[in-house]
Amino acid sequence: QADLVESGGGLVQTGGSLGLSCGASRRTFSPFAMAWFRQAPGNERQFVAGITWTGRMTDYTDSVKGRFTIFRDNDKNTVTLQMNSLRPEDTAVYYCARARERYRTPGRGLDEYDFWGQGTQVTVSS
């Protein structure tokens, strides 16, 4: 059984919106920061957005600020990435990830995360 399960990817036109959801067991989810990364063909996996365990602090890569929102529901053990004003350059496989250490502020490095989802494809057509 996968520890993190993503859903919500798909095909959308430029300017459209998608919401990605990541679900986990309570043991996996609590009390860790969570993040979303993405990987486009031929590129390295890159940080998109992160959120602390409490949800009070978030971090975004510059290219998505003002367009994407990360939030979490600790009662349901889910973290969501709401993506608005999508652009063709947002096309990638999106991965949910759990921070390696409890209570840490979400970092941007791959090695700061130890559980990963299987990925969900987001394609933005021009």
Heavy-atom side-chain proximity of Ser30 to Asn77 below 4.5 angstrom
no
When rounded to the nearest 0.5 angstrom, what distance separates CE in Met83 from CG in Leu18?
4.5 Å
Taking only residues two or more places apart in sequence, or in another chain, which ones meet Asp114 in a salt bridge (charged side-chain N to carboxylate O under 4.0 Å, His left out)?
Arg98
Flag side-chain contact, heavy atom, 4.5 Å: Phe29 against Arg72
yes
Where is the tightest heavy-atom contact between Pro88 and Ser126, given as atom of each residue plus distance?
CG-CB, 3.9 Å
Taking transitive links into account, so neighbours of neighbours count too, which hydrophobic residues share a cluster with Phe32 at under 4.5 Å side-chain distance?
none
Which heavy atom of Met57 sits nearest to which heavy atom of Thr105, and what is that distance?
CE-CG2, 4.2 Å
Has the side chain of Thr58 got a donor or acceptor atom that lies under 3.5 Å from a matching backbone atom of Ile51?
no
Is any side-chain heavy atom of Val122 less than 4.5 Å from a side-chain heavy atom of Thr91?
no
With sequence neighbours excluded, residues passing salt bridge (charged side-chain N to carboxylate O under 4.0 Å, His left out) with Arg100
none
So which pairs with a foot in residues 9-30 pass salt bridge (Lys or Arg N to Asp or Glu O under 4.0 Å), sequence neighbours left out?
none
Could you list the residues that satisfy side-chain hydrogen bond (donor to acceptor under 3.5 Å, both in side chains) with Thr52, not counting sequence neighbours?
Thr54
Partners of Asp75 by side-chain hydrogen bond (donor to acceptor under 3.5 Å, both in side chains), sequence neighbours excluded?
none
Contacts of type side-chain hydrogen bond (donor to acceptor under 3.5 Å, both in side chains), residue Arg108, not counting sequence neighbours:
Asp59
Applying salt bridge (charged side-chain N to carboxylate O under 4.0 Å, His left out) to Arg67 and not counting sequence neighbours gives Asp90
Who pairs with Gln121 by side-chain hydrogen bond (donor to acceptor under 3.5 Å, both in side chains), at least two apart in sequence or on another chain?
Thr123
Side-chain heavy atoms of Thr80 within contact of Ile70, under 4.5 Å:
no
Closest non-hydrogen atoms of Met34 and Cys22, given as atom of the first, atom of the second and distance, are CE-SG, 4.5 Å
With Val64 as partner, the option from Leu86, Val48, Leu81 fulfilling side chain to side chain contact (heavy atoms under 4.5 Å, CB included) is Val48
Verdict with reasoning, Leu4 to Thr28, per side chain to side chain contact (heavy atoms under 4.5 Å, CB included)
CA-CA 8 Å; Leu4 299 176; Thr28 300; 3.9 Å; yes
Please test Glu44 against Gln39 for side chain to side chain contact (heavy atoms under 4.5 Å, CB included), starting from the C-alpha separation and ending with a verdict.
CA-CA 6 Å; Glu44 295 181 350; Gln39 187 168 17; 5.6 Å; no
Cation over ring, Arg45 on Tyr94, under 6.0 Å and within 45°?
no
State which residues pass salt bridge (charged side-chain N to carboxylate O under 4.0 Å, His left out) with Glu89; sequence neighbours excluded, sorted by chain then number.
none
Pairs touching residues 13-24 that satisfy side chain to side chain donor-acceptor pair (under 3.5 Å), sequence neighbours left out
Ser17-Asn84
Check which hydrophobic residues are tied to Leu110 through side-chain heavy-atom contacts below 4.5 Å, counting indirect links as well, and list them.
Phe37, Phe47, Val93, Tyr95, Tyr113, Trp116
Closest non-hydrogen atom pair, Ala92 against Arg38
CB-CB, 3.8 Å
